[in-house]
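What follows is one structure encoded as structure tokens, with my remarks underneath.
In this text the structure is predicted, and so the values were computed from the model without any measurement. Residue numbers start at 1 and run along the sequence shown. We count ligands from 1, going down the list as the structure has it; atoms in each ligand are counted the same way.
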Amino acid sequence: MAVDTRAESPEQLRDATLVWLREQLPAGWVEAADRGDADALASLRAGLDYDDWCVRFGEAGYATPTWPAEYGAGLSLTPGEAKHVNDVLNHYKVPRPYNIIGIGMGGPTLIAWGTEEMKHRLLKPLACNQEIWCQLFSEPVAGSDVAGLATRAVRDGDEWVVNGQKVWTTVAHISRWGMLLCRTNPDVPKHAGLSYFVVDMHQPGVEVRPLVQITGDAEFNEVFFTDARVRNDWMLGREGDGWKVAITTLMNERVSLSGAGSIGGDAVGGSPVQRLLERHRGIADPLARQQLAQAYIESRLIRLNNERAAAKRKSGGEAGPEGSITKLQQAEFNQRLQKLAIDLEGATGVAWEGRNLSLTERVGRAPQVEEDALVAFGFLRAQANTIEGGTSDIMRNILGERVLGLPKEPDASREMAWKDVPRSG
Ligand SMILES: Cc1cc2nc3c(=O)[nH]c(=O)nc-3n(C[C@H](O)[C@H](O)[C@H](O)COP(=O)(O)OP(=O)(O)OC[C@H]3O[C@@H](n4cnc5c(N)ncnc54)[C@H](O)[C@@H]3O)c2cc1C
């Protein structure tokens, strides 16, 4: 049952959140977090029924505090109010749902563009981690230039028939729903011929093949559509609006990947700076001390920039291009940070005991982690940070064009009918 948080002060929001946590978390959890007892917390987490926890957490509105409460998951809070709630959840190291793409991108897109029927059907199981979502944008020849994608949808009565291939689709193998961007009109310029659907991933025309990464984890996939079907009334926006809807998703993706999202740094991968400071507290090497101090300073700068962007969203609504600043900063900082973690680890950084953990294990269940494996995992996983969610080059292009107002990058294909654009593959 969601608590009524309307018109409450920051103190009341914090108090209400703590009261709820005291009632719902296993006995001793709050006290263990208050005294910083990592061992006690780890053993309490190991005994927690994670799926059941996610349902209670989602239904109470804490997984998605800014979402409208009327759809069964959310507290209708402003981003500024939600910050007070999230501060308490972070302090008590509360387990979060691993439905990162759904919560960070799918839900906000659905809230902005979906029909009432879709919101009532889809938002609550998404927030409760019962239905996982994936993002079906990138294709083998359309990543940075995603508007050039080739997966086709053709109208057939009240449905559309989908054929084509997506790639790098994170968590598609465990997803119930996908945010599908595809071409519905090849006769107009690339941005104008796209439409955006919510597609059922459990139908026979959808084949998901996992791709193994350098971490040993198969976190993303290839997805093949062969005469798959999607309902016309599960299109977000109108036919041809796909690019506009996709921008809503991409803006929210940058916020999620900037470290500003509720699952921020850890989800991006590896050792958060605080963990590194604790692990190497008292280290004598002056260079290492300087590097740790520098990492701390940079992490604070990113946090301040995220707070500035959040304040802007608070006054103006949707996520804007400023998310590209912190997405770029966070990606490049995290790679430096994970490299520092490996360097400070010494030999165990490259020859570790214990296995790497899969995405769902790390983000969701938080089991007792082999410290060495986590450091190595963080280093390997961080290599993707400057690619996923748009490469650092693309972030710089967006910042140049949309924040600094520089001239647009030349693109000869922008005004041509998509079917006439030369392409390989
Ligand atoms: C871990 C991970 C998870 C991902 N998850 C998803 C997902 O769930 N769903 C999804 O749809 N996609 C996902 N992606 C795909 C991701 O969005 C793309 O990899 C990314 O947009 C880059 O596209 P690309 O790989 O095709 O590279 P390309 O676009 O081919 O780029 C190759 C190189 O050229 C540079 N480049 C390209 N165009 C320009 C330009 N105009 N100016 C300057 N430099 C340029 C790039 O910066 C890069 O260095 C994921 C990727 C990773 C690594």
Out of all atoms in ligand 1, which are within 4.0 Å of some heavy atom of [X]? Include the element for each.
X      : value
Ala384 : 1 (C), 53 (C)
Gln135 : 7 (C), 8 (O), 9 (N), 10 (C), 11 (O)
Asp393 : 35 (C), 43 (C), 44 (N), 46 (C), 47 (O), 49 (O)
Phe220 : 1 (C), 2 (C), 3 (C), 52 (C)
Asn397 : 40 (C), 41 (N), 42 (N), 43 (C)

Go through the side-chain N and O atoms of [X] and [Y] and say whether any donor and acceptor fall under 3.5 Å apart.
X      : Y      : answer
Tyr296 : Gln291 : no
Asn306 : Thr326 : yes
Gln335 : Asn385 : no

Have a look at ligand 1 and work out which part of [X], if any, has a heavy atom under 4.0 Å from it: side chain, backbone, both or neither.
X      : result
Trp168 : both
Asp145 : neither
Glu409 : side chain
Ile394 : side chain
Thr391 : side chain

Item to check | Contact bool for atom 29 (O) of ligand 1 (protein heavy atom, d < 4.0 Å) | outcome: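 Protein heavy atom within 4.0 Å of atom 29 (O) of ligand 1: present.
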Item to check | Sub-4.0 Å protein heavy atom next to atom 32 (C) of ligand 1 | outcome: no
Return yes or no for this condition: an N or O of [X] is under 3.5 Å from an N or O of ligand 1.
X      : value
Phe137 : yes
Glu219 : no
Gln213 : no

Item to check | Derivation and outcome, ring pair (Phe, Tyr, Trp, His ring centres under 6.0 Å), residues Phe57 and Tyr50 | outcome: CA-CA 10 Å; Phe57 189 65; Tyr50 175 73; 9.7 Å; no
Item to check | Interatomic spacing from CZ in Arg289 to CG in Leu277 - rounded to 0.5 Å | outcome: 11.0 Å
Next on the checklist: Nearest 0.5 angstrom please: Ser175 OG to Met201 CE, how far?
Outcome noted: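 The CE atom of Met201 is 5.5 Å from OG of Ser175, to the nearest 0.5 Å.
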What's the shortest distance from [atom] to any protein heavy atom, and which residue and atom give it?
atom                    : answer
atom 20 (C) of ligand 1 : Ile387 O, 3.6 Å
atom 52 (C) of ligand 1 : Glu388 CB, 3.6 Å
atom 26 (O) of ligand 1 : Gly143 CA, 3.3 Å
atom 3 (C) of ligand 1  : Thr170 OG1, 3.3 Å

Item to check | Heavy-atom pair with the smallest gap, counting every atom of Leu399 and Ile325 | outcome: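 Nearest pair, atom of Leu399 first, then Ile325: CD2-CG1, 3.4 Å.
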Item to check | Taking every non-hydrogen atom, the tightest pair across Leu126 and Gly106 | outcome: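 Residues Leu126 and Gly106, closest heavy atoms: CD1-C, 4.5 Å.
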Checklist entry - With sequence neighbours excluded, what pairs up with Glu117 under the side chain to side chain donor-acceptor pair (under 3.5 Å) test? => result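 Glu117 satisfies side chain to side chain donor-acceptor pair (under 3.5 Å) with Arg231 only.
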Checklist outcome for this item: Sorted by chain and residue number, the side chain to side chain donor-acceptor pair (under 3.5 Å) partners of Thr66 (sequence neighbours excluded) come out as none
Item to check | Candidate with minimal heavy-atom separation from atom 27 (O) of ligand 1, of Ser144, Ser138, Pro140 | outcome: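 When every heavy atom of Ser144, Ser138, Pro140 is considered, Ser144 comes closest to atom 27 (O) of ligand 1.
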Checklist entry - Given the rule in the ring pair (Phe, Tyr, Trp, His ring centres under 6.0 Å) test, do Phe220 and Trp168 qualify, once you have shown the distances and angles that lead to the verdict? => result CA-CA 5 Å; Phe220 54 36; Trp168 319 127; 5.3 Å; yes
Next on the checklist: Which label fits Trp53 and Trp20: parallel for a plane angle under 30°, tilted from 30 to 60°, or perpendicular past 60°?
Outcome noted: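 Rings of Trp53 and Trp20: tilted, 30 to 60°.
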